[in-house]
Structure formats: C-alpha cells, structure tokens
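All residue numbers in this chain count up from 1 along the given sequence.
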Amino acid sequence: MTAPPTAPPATADDEREPEVRAKAGDPFDRDVLPTPPRATSALLRSLLAPMKARVALTSFLLLLQQAAVQAGPLLVAYAIDSAVPAFRDDRHGPLIAVGVTYLLCSVASGGLQYAFVRASARVNQDVLLDLRGRIFRHAQALSVDFHERYTSGRLISRSTTDVESLRELLNEGLQELITVILSFVYISAMLLWLDLGLGAVAVASFLPLYLLVRNYRRRAGRVYTLRSTAIAAVIVKFVETMNGIRPVRAFRREAANDAEFAVLNKRHERTNGDALLEMARYVVGSRLVANTAVALIVLWGAYRVAGGSLELGVLAAAVLYLRRLYDPIDRLGMFLNSYQSAAASLEKIAGLLAQTPSVPEPVAPRELPPLESEHPGREVVFDGVRFGYRTGGEILPRFDLSLPAGQTVAVVGSTGAGKSTLAKLLARFYDPTAGRVLLDGVDLRDLSVPELRRGVVMVTQEAFLFSGTVADNIAIGRPDASREEIERAAKAIGAHEFISALPDGYDTDVRKRGGRISAGQRQLVAFARALLADPAVLILDEATSSLDIPGERAVQRAMSTVLHGRTAVVIAHRLSTVEIADRVLVMEHGRIVEDGPPAELIAGTGRFADLHRAWRDSLA
Ligand SMILES: Nc1ncnc2c1ncn2[C@@H]1O[C@H](COP(=O)(O)OP(=O)(O)O)[C@@H](O)[C@H]1O
Ligand SMILES: [Mg+2]
C-alpha cells in the first residue's frame, strides 16, 4: 500500500524563521533594541524609588563608618606629638585615652560595616528580584511577533548575565564608590587641617588622577560594550544550537557549529583580554602618580621636620593618610568596571522593557454575547482583513470570510498559501493591518484575554508539553478541571490507553525517565487539552500530522463528536480529514480560490477535484 499523498507537504516553521530574522536592517539583529532616550536612567530610578529611605539609611551608615575609620591616623599624630611626651612626664591619662579611643573606633567601624553590609544586601536583593520579575512578566506579555524576532538566547542573557552585572555593581561597586568619595573628602580635609602645605600637594595630585580616571572610563566603556555583546552572542549561539539539537544531528552540523562557536568564544576572550589590559594601564598609571606624590611629601616633610617647622607626629599621620588616600584608587577602577558593564546591561534590559506588545490588551474590554443555542459554537467573520508579517510583504490581500456558528471548515492549499497565517489571526497571535476579525460580531481586539482564550483555542503540530505531569498538561485547558473531567477528555480523544500504560499513569512526569512520549502521543495530549478547554472556536493547524493513519482515523472519529456544535477550522494535512468537514476552502497566495461543500467540489473540475482524484488513485 502506498501512502496517500499529503495535500500540502508540511514544512516545519522553525526552518524558515532564521532567514526571516536575518533580514538586513532589522533592529532585532542588534542586542540593544531601539530605546527611548533616558529609558536606562528612568529604569534605574524606578527600581530604586521604592527604597529611597533604605538607600539613605545605608549611605548614612557608611558615612559614620568612614568617620570611625579615618580617625586612626589623627589619633596616631596626637599620640606621637602629645600623649607620648605627656607619658614621659608621668601623665598617663592622654595615652590611655588615645588607646581606648582607637579601640572604640575600630569596634565601631566593624559594627557599622556589618550593619551597612546587611542593609545594603537587602536593598540589592529587592532590586534584583524586582528586575528579574519585570523581565519575565514583560517578555511573557510581549506578542508572538516579538518572540519570533528576539531569540530566546537573548532573553536568557538579559535575565542572567545582564542582571548579574547589575548585581555586581550594587553589591560591591556602589560601596566602593561611596567609600572612595568619602575617604577622598575626609582625608583631604584632614590633611589640609593638619598642614596646609602637605595637604595642598596631596590635593594637587588629584588632577592627574582625575584625568587618568576619565580616560580609563572612556576607553573601558567601549571595551565593555563590545565584551557584553560578545558574551551575549556566545549564549545565543549556545541556546540556539541546543534548542535545535535534532536538526543539528540530522544534518551533521556539529563541526560547522563548533567552528562558529569557536569564533564567538574567541571574540569574547579577546574582548575580555582588552578589558584587562585597559585595567592594567589604569592601575599602573594611578600608582605612579600616587607614589610620586607620597615621595614628594615624605621628602619635603622630612626636610621640614629636620628644620623644626613640622612636628614628627603630623608627618607620620600625613603619610598614613596618604596610603589610605591612594589605596582605593585601584578599587575605583574596579567600580568603573562594574559600572560600565552594568550600564551596558541595563541599557539592554531597558530596551527590552520598552517594547510594547503589538497585540495589546483592550482598554475597554467587551464580553461576548450569551450563547443562544445549547451549542457552544460562535460565528466567525473576516471583514476586509489585510495582513503581512513585519519582516515581509503582504500575505493576506483583503480577505473576507464568514463562518456560521457550528460549521466545520477544512482549509487546504499548498505550503505558504497562508493557512497558518489565517489561523494565527483568528487566535489573535497577530492583529490585521487593516480590517477586522469578528467573533459573534465582536472585534477580537476588544475581547479581554480570558474571554478570547475561552473563545478560541488552537492546536498546532508542535504540541508543546510543559514540565509537570500528563494530567497537569491536559488541565492547562481548564485549570480547575477535576481528574474525572481530565480522564473523560483523554478518553474522548483516544489518549487514555497510552496514558494508563505510562509508569505513573496520569501522574507521570513528562520530563522524567519513562515519561518520554512520542510526537503522536503529544498531539493526543494537546487534543485532550483543547477539548477540556471547551472553546467556541477550535482551530486545528495540521494537528494530526504526527499521527499514523490508524491514529489519525481514531482522532477523526473522536473529532466528529468533539467538533459537533462548535465552529471549527481544520487545516488539513491529509485529504481524509476533509471528510468530516461541512465546507472546504482552497487557499492560494492568501486568497480563497474554491469554497463549497466537499461533495460539490469533488464533483466539479477545480483544484480540489484534481487533488482529490490524485489522492483516491493513490489509495487504490
Ligand atoms: N512568522 C513569520 N514571519 C514572516 N513571514 C512569515 C511568518 N510565518 C509565515 N510567513 C510567510 O507567510 C506566508 C504564509 O505562511 P503560512 O501561513 O505559514 O502558510 P501555510 O500555513 O499555508 O503553509 C509564507 O510566505 C511564509 O513565508
Ligand atoms: Mg502552515
């Protein structure tokens, strides 16, 4: 027996999509989506706004802590110049006081540091929690058309590496920055107060340091943007390859993929190296400036101590302060690093969050009118619909169609005719560019999301299963369904037998060992899910393509009961499906070229009659 010819040879959607995505000039090819000006700083503000009080508190803790830390050298100066001479004169009080104060300052600084780390960790955790939640909710709310263009690898890289780099900035970077600024202010004030001349030399060294920092910032900024784009490319390639592991195997793409991955990986490594090099230049430069300043001050100070115009204790304190002054400059570089990568990441996240769904929820949602008969079907009308995908030309040029409630319509036509596009418009994955799609007279754009989901359900050949049990997967159609209802739906569709044979029956986890089920069985689960959802309009887009012929027959028998009374659009993979239809539409190039009851079309001389004759012959 020869297999019946498949009416339209099906192509997997995923094979076409990379080409579509790669169209030149698509902003989605870049990592940073077009972002409104200042979206990044607005995002940062909106993240921190709810925690203003806590941010202020943590900053205050740091201020106190720095005061305690920077008291040290001053106490040393006092000890050398006053307390020790007093001790020699048998007055022990001052030295004891200095020792006790020093100890208290150390304890206080430790305690304050602890309080600060705790408080700031809480703030940071809340900010990151909020941000990850926002990315997830927003990405989920964006329309199908967004996800077709923005790869899942990019989304993963947004919510992992990009959030992570913000975490680094918040956890370490900001503390570094505030510490550096505070110690600069405290220490310069102290030095100037201790000795105007020495202080002035120290302050003068700030100018070359500032120039170094500015230069580093500019150069590192470029390097960091390149680096974060490079790491995102690595992740995207990784995710894409693993998602498509079956075609990779089937077409022996491994070697080519290895080579492509090696290039991306190498590019990432190189950008990393560049970043380290910039950092090294900065560190060397800043140390040179710092050491020169210290050498000058020690020389000049020693000369003055010898001449009697400067006290030894003051010089000791000045040198101690200088060490503390220049130490954090390396750390300032670290801060700039984390700042640069966080800024680059935040910009990408802001770009993602600035995307608006192209299929928005209605501002004033309308309800569907109550059903008149006991049948669940509703009338469907395509009223002057025109549609084209964003990345291509017009697919449906002015499309009019009216399906009375309860009718079962089979749609046939060659691959690329626009059948799936029709289905997706009816399920409101996209909105038409002109015209309206009406469900019982209500524009789909005016229906609330729950109302639309109850109204129209689509089953495709993908038949995706979520992690969880088989029962969970069927219950997605109606989360409040009882186990009995779930089983009834499975029985109606002929899935009960294979489900019962699984290790844990309906409680088998579909992602665990033994829970692996075939593509055909997945489709049966998807049918049961749709049946349980009990929609007014059911769309089947080549939904039986993974079933064998007996399996398809069984589903078809079940379908004729399931579809009874409902409005159904069945995009037919094999012509046998057409037998349960009241009406057949033949589509070509986005237009209906034949429309009528199956018997009438078969008896005629049109395209469908030819197709049907060829099919009959092949069965004989
Ligand atoms: N997501 C998409 N983005 C851009 N073009 C698409 C997309 N999906 C389908 N197309 C194009 O729309 C046309 C109709 O496709 P489709 O409706 O899937 O046809 P059918 O289901 O009849 O095989 C084809 O030319 C196809 O390349
Ligand atoms: Mg299709």
Side-chain angles (χ1 to χ4, degrees), residues 32-33 35-70 108-142 155-186 213 217 220-221 224-225 228 328 331-357:
V32 182
L33 294 172
T35 313
R38 276 194 278 282
T40 310
S41 51
L43 171 63
L44 195 60
R45 265 201 311 280
S46 81
L47 285 169
L48 290 175
M51 349 218 151
K52 256 187 212 140
R54 286 155 70 198
V55 170
L57 174 70
T58 51
S59 313
F60 183 66
L61 286 171
L62 207 54
L63 202 75
L64 288 182
Q65 193 254 347
Q66 279 299 305
V69 169
Q70 304 303 357
S109 125
L112 286 164
Q113 172 103 26
Y114 176 75
F116 165 80
V117 169
R118 262 185 61 150
S120 70
R122 286 221 189 101
V123 171
N124 299 347
Q125 288 317 313
D126 288 352
V127 167
L128 297 173
L129 189 82
D130 182 10
L131 187 62
R132 268 211 193 86
R134 285 196 208 188
I135 294 175
F136 181 82
R137 282 192 304 274
H138 195 81
Q140 192 178 232
L142 285 172
L155 280 177
I156 291 172
S157 126
R158 288 306 82 84
S159 63
T160 53
T161 34
D162 288 334
V163 171
E164 193 60 18
S165 71
L166 187 65
R167 190 189 67 79
E168 266 167 39
L169 175 73
L170 290 174
N171 276 2
E172 288 131 37
L174 278 184
Q175 183 188 353
E176 296 293 339
L177 179 72
I178 299 175
T179 313
V180 169
I181 293 176
L182 281 179
S183 51
F184 262 70
V185 172
Y186 270 120
V213 168
R217 217 192 108 153
Y224 272 86
T225 310
S228 84
R331 304 214 306 266
L332 187 63
M334 297 282 192
F335 163 77
L336 286 174
N337 280 352
S338 47
Y339 174 80
Q340 300 286 7
S341 40
S345 291
L346 210 57
E347 190 185 353
K348 292 182 198 166
I349 295 175
L352 172 64
L353 293 180
Q355 293 292 309
T356 49

- Note on the structure: Those residues at least two apart in sequence (or on a different chain) that pass side-chain contact (heavy atoms from CB on, under 4.5 Å) with F60 are L63, L64
- Which residues share a salt bridge (Lys or Arg N to Asp or Glu O under 4.0 Å) with E164, sequence neighbours left out: R167
- To the nearest 0.5 Å, how far apart are CG in L57 and CE in M51? 14.0 Å
- Spacing of CG belonging to L166 relative to OG1 belonging to T161, to within rounding of 0.5 Å: 12.0 Å
- Query: Can you name the residues that form a side-chain contact (heavy atoms from CB on, under 4.5 Å) with L129, not counting sequence neighbours?
  - Reply: none
- Task: Please name all residues satisfying side-chain contact (heavy atoms from CB on, under 4.5 Å) with I178, sequence neighbours left out, ordered by chain then number.
- Result: L62, L182
- Partner set under side-chain contact (heavy atoms from CB on, under 4.5 Å) for P50, not counting sequence neighbours: none
- Check whether more than 12 heavy atoms from other residues, nucleotides or ligands sit under 6.0 Å from atom OH of Y339, and answer yes or no. no
Contacts table for residues 38-47: side-chain donor-acceptor under 3.5 angstrom, sequence neighbours left out:
unit_1: S41; atom_1: OG; unit_2: R38; atom_2: O; d: 3.3
unit_1: S46; atom_1: OG; unit_2: L43; atom_2: O; d: 3.0
unit_1: S46; atom_1: OG; unit_2: R134; atom_2: NH1; d: 3.0
unit_1: S46; atom_1: OG; unit_2: R134; atom_2: NH2; d: 3.4

- In short, salt bridge (charged side-chain N to carboxylate O under 4.0 Å, His left out) pairs touching residues 52-69 with sequence neighbours left out are R54-D126
- Note on the structure: Taking every heavy atom of L142 against every heavy atom of T356, the minimum-distance pair comes out as CD2-C, 3.7 Å
- Please name all residues satisfying side-chain hydrogen bond (donor to acceptor under 3.5 Å, both in side chains) with Q70, sequence neighbours left out, ordered by chain then number. Q66, R324
- Are S157 and K348 side-chain neighbours, meaning at least one heavy-atom pair lies under 4.5 Å? no
- Message: To the closest 0.5 Å, what do you measure between CZ (R217) and CZ (F335)?
- Response: 8.5 Å
- Message: For a 4.5 angstrom cut-off between non-hydrogen side-chain atoms, does L352 reach L155?
- Response: yes
- Any pair counted as ring-ring contact (aromatic ring centres under 6.0 Å, His included), so long as it reaches residues 161-186, sequence neighbours left out: F184-F206
- Task: Dump the intermediate steps for side-chain contact (heavy atoms from CB on, under 4.5 Å) on V69 and L112, then the final yes or no.
- Result: CA-CA 10 Å; V69 169; L112 286 164; over 6 Å; no
Identify every side-chain donor-acceptor pair in residues 116-123 under 3.5 Å, counting partners at least two apart or on other chains, and give the distances.
unit_1: S120; atom_1: OG; unit_2: F116; atom_2: O; d: 3.2
unit_1: S120; atom_1: OG; unit_2: V117; atom_2: O; d: 3.3

- Item | With sequence neighbours excluded, residues passing side-chain hydrogen bond (donor to acceptor under 3.5 Å, both in side chains) with S345 | D162, S165
